[in-house]
Amino acid sequence: MDIKIFDSPEEVDLFGARMIVELIKSKPSAVIGLSTGRTTKGLHREIVRLYNEERFDISGITFFGQDEVLGVSEQYSGACVRMLRDELIDELGVKDDNFIMLPTESEDPQGACWKFTQTLMERGGVDLLFLGLGENGHLGFNQPGTPFSSRARVSTMTPELESRIRRETGTPPGKYLGGITMGLADVMDCRKLVLGVKGSAKARILRKVIEGPITEMVPATVLRTHPDCTVIADREASQLLGK
Ligand code: GLP
């Protein structure tokens, strides 16, 4: 695991954006995985800025999201598809065929997971997946206790996130609401992984991910067994490393 520490969150965004842009330029058919949340907003903004400055060709690039909220409308502002479209995909003008997402609503979510995985394989497999880190060590919606051998499937979110989304979308307690996500084995199949970590709220979990035992109770510790994983963290998130 390669660990790079930056003075500010903006430098993390810029470095991550540069990695993605360099991949786009060097491999015009690259398959690139994205994550949503506070960590990646700035990263996406930087990619858009670099695109507007440099106008590199993205017509053959496939973008996809690693996870989604299941049981909400695609228009909901907290749906990953909505966030990725608003922050990056529509800004770059990516065509629909080159933007692959797990569904927010589906009669057959497991079938949709298989199709998602199949599509990524048909495009040649994932070149780079940019990950955020949950405060409990989750990756996507792979919560603590998820087997490292897990594949794309319907999953759960943290109770805090679930109650926030229920409140924001007016989803009643009886109606299904969950997560749908790439599995940890799918993550490990990606050729390159980048984990972005920013802010002091992530300091304790980042220490566990890098220095604690490799365990399914902290899903992100599986990244230490990947041959090409880079952690890009800011000073605040790194403050407990080595202590
Ligand atoms: C969420 C998302 C993940 C994201 C992670 C970190 O649950 N499902 O895709 O990477 O948590 O989010 P944040 O960057 O807001 O801390």
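In listed order, ligands and their atoms are each counted from 1.
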Item to check | Distance-only donor-acceptor check, side chains Thr104 and Glu74, under 3.5 Å | outcome: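 The criterion, which ignores hydrogens and geometry beyond distance, is not satisfied for Glu74 and Thr104.
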Item to check | Side-chain donor-acceptor pair present, Arg82, Gln75, cut-off under 3.5 Å | outcome: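 Note: Arg82 and Gln75 side chains meet the donor-acceptor criterion.
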Item to check | Close N or O approach (Lys202, ligand 1; < 3.5 Å) | outcome: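 N/O-N/O distance below 3.5 Å exists for this pair.
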Next on the checklist: Geometry only, no angles: is Ser35 polar-contacting ligand 1 at N/O separations under 3.5 Å?
Outcome noted: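 So ligand 1 has no N or O lying under 3.5 Å from an N or O of Ser35.
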Taking [atom] as the reference point, the nearest protein heavy atom with its distance:
atom: atom 6 (C) of ligand 1; result: Leu133 O, 3.8 Å
atom: atom 4 (C) of ligand 1; result: Thr36 O, 3.3 Å
atom: atom 9 (O) of ligand 1; result: Asp67 OD2, 3.1 Å

Item to check | The one among Gly134, Ser155, Gly132, Gly196 that brings a heavy atom closest to atom 10 (O) of ligand 1 | outcome: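 The nearest heavy atom belongs to Gly132.
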Item to check | Option with minimal heavy-atom separation from atom 13 (P) of ligand 1, where the choices are Gln66, Arg38, His138 | outcome: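 Looking at heavy atoms only, Arg38 sits closest to atom 13 (P) of ligand 1.
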Item to check | Option from Leu43, Ile232, Thr39, Leu133 for which side chain to side chain contact (heavy atoms under 4.5 Å, CB included) with Lys198 holds | outcome: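 With Lys198 as partner, side chain to side chain contact (heavy atoms under 4.5 Å, CB included) holds for just one option, Thr39.
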Checklist entry - Any donor and acceptor pair, going by atom type alone, linking the side chain of Arg224 with main-chain N or O of Val209 inside 3.5 Å? => result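 Yes, the answer is positive, given that a donor and an acceptor are paired below the 3.5 Å cut-off.
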Identify, by atom number and element, the atoms of ligand 1 in contact range of [X], meaning under 4.0 Å from any of its heavy atoms.
X: Gly37; answer: 14 (O), 15 (O)
X: Thr39; answer: 13 (P), 14 (O), 16 (O)
X: Phe141; answer: 7 (O), 8 (N)

Checklist entry - With sequence neighbours left out, what residues match Phe116 under ring pair (Phe, Tyr, Trp, His ring centres under 6.0 Å)? => result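 Phe116: ring pair (Phe, Tyr, Trp, His ring centres under 6.0 Å) contacts with Phe64.
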Checklist entry - Is it true that atom NZ of Lys208 has more than 12 heavy atoms of other residues, nucleotides or ligands lying nearer than 6.0 Å? => result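 12 or below, so no.
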Checklist entry - Hey, any chance Val218 and Leu131 share a hydrophobic cluster, counting ILVMFWY side chains that come within less than 4.5 Å of each other, even indirectly? => result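 Per the 4.5 Å side-chain linkage, Val218 and Leu131 are co-clustered.
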